[in-house]
Structures are given as C-alpha cells and as structure tokens.
There are 2 protein chains.
Amino acid sequence: MLTPIRWVDDHLELLDQRHLPEKEVWNRYDRHQDVSRAITQMVVRGAPAIGVTAGYAMALAAQNAQVDADEKTVRGNIPGWAQAQMNHLLEAAKELESSRPTAANLMWAVRRQLQVASEHLEAEDPDIAARLMEEAIVIHQEDIDHNRRLGRHGAIILEDGDRVLTYCNAGALATGGYGTALGVVRGAIEAGLNIEVFAPETRPYLQGARLTAWELIQDGIPVTLLVDGAAADLMQRGEVDAVVVGADCIAANGDVANKIGTYALALAAREHRIPFYVAAPTSTVDLTIPNGTAIPIEERDAEEITHFRGQRIAPEMARALNYAFDVTPASLVSAILTERGIIEPPSRRALKDLLTER
Amino acid sequence: MLTPIRWVDDHLELLDQRHLPEKEVWNRYDRHQDVSRAITQMVVRGAPAIGVTAGYAMALAAQNAQVDADEKTVRGNIPGWAQAQMNHLLEAAKELESSRPTAANLMWAVRRQLQVASEHLEAEDPDIAARLMEEAIVIHQEDIDHNRRLGRHGAIILEDGDRVLTYCNAGALATGGYGTALGVVRGAIEAGLNIEVFAPETRPYLQGARLTAWELIQDGIPVTLLVDGAAADLMQRGEVDAVVVGADCIAANGDVANKIGTYALALAAREHRIPFYVAAPTSTVDLTIPNGTAIPIEERDAEEITHFRGQRIAPEMARALNYAFDVTPASLVSAILTERGIIEPPSRRALKDLLTER
C-alpha cells in the first residue's frame with residue numbers, strides 16, 4: 001500500500017512529494033519543528049496526510065521533551081514535570097497548527113494528541129511519548145481505514161464506464177494511504193467497475209500532473225491530464241460523468257475549502273448537471289467553523305506563481321496573488337462522502353448528526 | 001508603439017514571443033512556408049496578430065512566385081503566368097490556413113489577399129507582389145486603427161477604479177499593436193480612468209504570466225497575476241468589476257472561441273453578476289460559421305502540458321488532452337466590442353447587420 005508517511009523505530013519519514021514523479025526521496029525527521037517546516041514547504045501535503053503527519057510530530061515533540069525531562073527533572077516532582085511536558089506540547093501544537101492553517105485534519109490530529117497527553121499527564125503517566133506514538137499510529141491506521149470505508153461509496157455513486165474528473169491530488173499521497181477522492185475511484189474499481197480519470201494539472205503546484213497521474217499510472221488506472229482551464233470545456237463536451245474531489249476543511253454548514261480552482265469546477269458541474277462529490281473523512285469537518293467565509297485561507301508565496309523550479313517565468317516586478325484554497329458553497333455540492341456515510345445534500349443538521357453520533 | 005510584427009525592406013520580422021519576457025528576439029522570414037511554421041510554433045500568436053502576419057506571408061509568397069515567374073515565364077504568355085501565380089498563392093493560402101485552424105483573422109487575411117491577387121491578376125498586373133505587400137501594410141495599419149477604435153469603448157463600459165480580469169494575452173502582442181481586450185484597458189486609461197488588471201497566467205503557454213504582465217508593466221498599468229483556477233475565487237471575493245477577453249473566432253450567432261479556460265471565466269462571471277466583454281475586430285467574426293459547435297478547435301501536442309521548457313513534469317506514460325480553445329456561448333457574453341460599435345447583447349441579427357453595413 002502506497003503511503004507517503006512512515007514511522008521507523010523512533011523517527012518519522014516522509015516521502016518528499018516535491019521531487020515526484022522524478023525521484024522517490026524519503027526524508028528523516030526527529031524534531032517536530034522540522035516536521036512543521038516540512039508541512040509548510042509541502043514535503044507532505046493533503047489535509048489527511050498532514051493530519052497523520054502532525055500526529056507523529058506531536059509524538060516527536062513528546063519524545064524530545066521527555067529526554068529533556070529525564071535529564072532535568074528531580075524525581076518526586078511529577079506534577080511540575082507534567083506541567084512542563086504539557087507546556088512543551090502546547091507550544092509544539094501551536095507551531096504545527098500554523099504550518100498550514102486551512103488543513104482541518106491538522107488541527108484535529110494535534111488536538112487529539114493534546115487530549116491524549118492531557119489524560120495521561122493527569123494520571124501522572126511518565127511515558128507520554130510512548131502514548132503519543134501509539135496514538136499517532138492509531139490515527140494513521142484509522143485514516144487508511146476511513147478512506148477504504150468512504151471509498152466503498154464509489155460503487156454506489158459511480159457507474160460502469162464513468163469518466164471521473166478529480167482535482168489536485170486527493171489520493172494515497174494526500175492521506176495516510178488509499179486516498180479520499182481517488183479512494184472513491186479505487187473503491188469503484190475494486191467493485192468491478194471500469195472508471196477513467198481526468199486530472200487537471202492543478203497549478204501552481206501541479207499536484208494533478210505530478211502526483212495524481214503518478215499514483216494512478218502505478219495502479220494501472222486510466223488517467224488523462226488537462227490544464228485547469230480545460231475542465232469546464234471537457235464538461236461542455238459531455239465527457240465527464242462525475243466530479244469527485246477531496247477537501248481541506250469542511251465547515252459546519254457543508255461549505256468546502258479545497259485546492260484553489262475547485263469552486264470553478266463546481267460551477268461548471270452545476271451548469272452541465274454533473275454530480276459534484278466531496279470525499280473526506282469526518283476529521284476534515286470542523287463544526288466550530290460556522291461556514292466557508294470563516295475558514296482561514298492560507299496565502300502562499302507569490303514565487304510559486306512567478307517562478308517554476310527556481311526559474312522566473314513572469315517578468316521582473318510582476319505581482320501575484322496566491323491563495324492556496326477556495327471555498328465551494330454547500331449548495332454546489334451534491335453529496336459529501338465520509339467513512340460514516342453519505343450526506344446528500346450537505347446540511348448543517350446532517351453534518352452535526354453524523355459527527356456527534358457514535 | 002509596441003508591435004510584434006514588422007516589415008523590413010523585403011522581408012518580415014516577428015518578435016519571437018516564446019522567449020518573452022526573458023529576451024526580445026526578432027526572427028527574419030523570407031518564405032511563407034517558414035512563416036506558416038512560425039505561426040504553428042507560436043512565435044507569433046493571438047488571432048489578430050496571426051491575421052496581420054498571414055497578410056505579410058501572402059506577400060512573401062507572391063514575391064517568391066514572382067521571382068520564379070520572372071525567370072521562367074515567356075513574355076506574351078501573361079494569362080498562363082497569371083494562372084501559375086494564382087495557383088502558387090492558393091497553395092500558400094492553404095498552408096497558412098492550416099497553421100492555426102481556429103484563428104478567424106488568419107482565414108480572413110488570407111482570403112483578402114487572394115481577392116486582391118485575383119483582381120490584379122485578372123487585370124494582368126504583373127507586379128502582384130508589390131500589390132500584396134501594400135495590402136499587407138494596410139491590413140496591419142487597419143488592425144491597429146481598429147484596436148484603437150474598439151479600445152475607446154473602454155471609457156464607456158468601465159468606471160474609474162475598476163478591476164478588470166482579462167485572460168491569455170489579448171494585448172499589443174496579440175495584434176498588429178495596441179491590443180483588443182488590453183486595448184479596451186488602454187482606452188479607458190487614456191480617457192483618464194484608473195484601471196487595475198488581474199491576469200490569470202493561462203496554462204499551458206503562460207501568455208498571461210509571460211506576455212500580458214510584460215506589456216502592462218512596460219506601460220505602467222497595475223497588473224496582478226493569479227493561477228487560472230483562482231479567477232472564480234477572485235470573483236467570489238468581490239474583487240473583479242468586469243471581465244474583458246479577446247477572441248480567436250466569433251461565430252455568426254455570437255458564440256466565442258477563445259483560449260481554453262475562457263468558458264469557465266464566463267460561467268463564474270455570470271454567477272457573480274460581473275459583465276463579461278469580448279473585444280475583437282470584426283475580422284474575427286466569421287459569418288460562415290453558424291455557431292460555436294461548428295468552430296474548428298485546434299488540438300495541440302500533449303507535450304505542452306506534460307513538459308515545461310523541455311523538462312518533463314508529468315510521469316512517463318501520462319496522457320494529456322490539449323485543446324487550445326473553448327467556446328463561450330453567446331448567452332454568457334454581455335457585449336461584443338468591435339471597431340464598428342458595441343453589440344449588446346450579441347445576436348445573429350446584430351452581428352450580420354454590423355458586418356454587412358458599410
């Protein structure tokens with residue numbers, strides 16, 4: 001199973017996605033600070049994958065804090081030591097959460113680890129690092145499991161011969177493994193359907209051309225690239241049966257933040273009466289965010305647009321606006337596919353019910 | 001005045017737009033076959049600029065044919081010589097017309113030169129090359145003049161402080177000079193308005209990032225780049241007052257073929273009640289094409305998407321679909337701005353009246 005994240009002995013390794021598809025380079029990380037930088041620099045990307053990575057990063061933070069603690073703390077002063085541990089973890093959490101502010105799964109995983117830490121520290125469990133490491137592995141396994149489960153909806157929403165337009169990379173590389181939008185494609189194919197994928201290249205980072213095409217070709221799934229501007233034309237030509245994308249954050253009302261360019265696809269899909277599906281684990285839903293306008297949208301460096309692989313493509317002095325995500329209103333989303341079921345159409349009530357039921 | 005095309009003594013020179021904005025390289029052309037190749041390879045691009053170039057290419061064809069004729073033809077056999085000339089020009093026309101099949105101005109200019117040639121050959125005028133050269137210069141001058149005239153509509157359709165979203169490059173570089181969509185911006189600014197431009201980069205060829213940004217920065221007009229997928233988001237954010245684009249071909253009913261990605265912009269503009277203007281000289285209108293589905297859409301090499309400056313960006317085996325243009329239905333076009341007036345809204349009747357009145 002292709003996964004972009006692995007825990008090896010006592011450290012984290014990330015498949016450096018900046019080098020794909022040319023080279024498969026795995027980077028080693030021993031400190032949460034370096035992981036945070038790796039997330040910002042898009043060594044790993046995709047909200048679920050960032051969440052899984054952040055789970056491990058919190059384990060690294062605890063591991064390093066424990067080393068400090070073992071060395072410095074006078075035995076018999078456990079409560080003070082526990083407080084110092086917690087402060088250290090809160091600081092790590094803050095740093096990690098700011099590394100990609102739109103990714104809901106990042107906040108979710110960090111808070112889950114803080115909760116675990118808080119419970120064990122209250123119980124004066126000295127081996128907090130081991131607990132967070134175990135939890136990180138659970139988060140990772142759960143993510144793969146949830147993707148497989150939401151992927152099964154693929155056999156329900158898609159039909160044999162369907163041509164699916166996806167966007168960016170919401171595949172194995174964007175998750176703990178298997179993928180969300182591409183998980184839906186994989187699920188449909190595993191159920192015996194023939195599915196063909198159209199992948200817009202997804203500027204500026206080319207996740208479609210570099211990552212989606214790469215992982216689909218590895219799996220033998222037919223994929224055709226196009227420029228982002230060509231997706232609406234493809235729909236107008238009648239060559240798309242369904243749009244399936246992932247999500248970086250889903251607000252309480254069902255508004256969806258996803259890679260910049262997604263909103264335009266949703267408008268074109270509605271125009272051509274093509275269903276528009278968002279595939280995401282419930283960890284991508286943030287009920288504390290009331291709607292799309294409240295989702296923090298990351299703005300990235302203009303150089304991602306004015307330069308390509310270090311080469312300038314725009315003239316000197318050219319300014320560029322580089323929001324990494326846009327918001328697709330819930331009204332344009334046919335259904336949200338999660339590991340707990342399909343929400344069709346998306347609504348505040350249905351999302352809340354889905355997330356609070358156990 | 002910035003022009004990408006110049007006639008020098010007895011030959012044509014084109015500003016090689018593939019090297020912009022890094023280098024200003026002028027290529028020399030003495031044969032229409034080489035001009036045809038230059039058009040295909042996008043040394044010169046933009047329907048009006050291609051039309052002007054084709055006018056000169058026909059003059060080169062006549063010039064070379066005349067050399068042949070002078071050498072081979074027995075005097076006193078003028079009709080045979082004239083027929084040979086015409087056959088040669090018809091062959092050149094065919095080659096030129098296939099170099100970029102969507103560009104209406106290319107067909108228009110070639111046919112105009114054939115008409116001039118036919119009249120002069122019927123009159124047994126031996127100096128056909130001089131006549132076509134004169135006509136090519138007239139076509140070039142007219143194009144600039146028409147752009148200036150349609151540009152004056154800018155002061156009518158735009159308001160002080162407007163933020164204009166354009167697409168691709170419909171500027172001086174895409175025409176004989178001055179520009180169509182950017183001519184409208186220039187016209188508004190010359191009338192004293194403050195106008196700011198947003199330019200999507202326009203994949204795969206990056207005409208927005210490389211050409212539109214370059215010529216606007218040279219003129220001191222504020223311009224901000226964005227990725228193509230970000231245009232709908234920018235409209236959703238309320239940061240666009242008008243969309244103004246050029247056209248490669250306008251069908252008799254007002255459907256518009258323009259750079260792939262234009263249709264998606266038109267859908268987003270309608271969603272946000274932003275006027276969507278098409279600026280084009282009447283030479284871009286082809287009344288023999290009933291509607292958008294009949295416009296021949298050029299499909300270009302997949303390598304334009306899978307590679308960047310010779311470097312592979314997509315994995316080996318990746319397929320790509322590369323239509324160069326899409327069709328925006330007339331119903332999404334607020335108005336067509338031409339040198340003869342504004343057609344608002346576009347209609348078959350209004351277009352026919354505009355083109356047939358004199």
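None of the values given here were measured: they were computed from a predicted structure. Letters A, B, ... mirror the listed sequences (proteins, then strands); counts begin at 1.
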So which of L234(B), V227(B), D228(B) actually passes side chain to side chain contact (heavy atoms under 4.5 Å, CB included) with I260(A)?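 When side chain to side chain contact (heavy atoms under 4.5 Å, CB included) is applied between I260(A) and each of L234(B), V227(B), D228(B), only V227(B) qualifies.
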Please determine which of V327(B), I297(B), D326(B) meets the side chain to side chain contact (heavy atoms under 4.5 Å, CB included) test together with R237(A).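 It is I297(B); the other options fail the test.
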Side chain / backbone / both / neither for [X] at chain A, heavy atoms under 4.5 Å:
X       : result
L206(B) : side chain
I313(B) : both
P222(B) : both

State the CD-CG distance between E271(A) and L332(B), to the nearest 0.5 angstrom.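 Going from CD on E271(A) over to CG on L332(B), the span is 6.5 Å.
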Aromatic contact, Y263(B) with H272(A) (centres under 6.0 Å):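 Ring centres of H272(A) and Y263(B) closer than 6.0 Å.
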As an exercise: rank Q236(A), R210(A), E201(A), E22(A) by heavy-atom pairs under 4.5 Å with chain B and give me the winner.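 Top count of heavy-atom pairs under 4.5 Å with chain B: Q236(A).
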Among T262(A), L226(A), L265(A), V223(A), residue most engaged with chain B (heavy-atom pairs, under 4.5 Å):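 Of the options given, most contacts go to V223(A).
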Would you call L267(A) and R270(B) a side-chain contact if the rule is heavy atoms closer than 4.5 Å?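 Not touching, per the 4.5 Å side-chain cut-off.
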Residues of residues 315-323 of chain B within contact distance of chain A, non-hydrogen under 4.5 Å: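 Within residues 315-323 of chain B, near chain A: P315(B), E316(B), M317(B), A318(B), R319(B), A320(B), L321(B), Y323(B).
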Top contributor to chain A interface from R312(B), R309(B), Q311(B) [non-hydrogen pairs under 4.5 Å]: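 Option with the greatest count: R309(B).
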Residue selection (most heavy-atom pairs with chain A, distance under 4.5 Å) from T328(B), T224(B), T306(B):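 Most heavy-atom pairs under 4.5 Å with chain A: T224(B).
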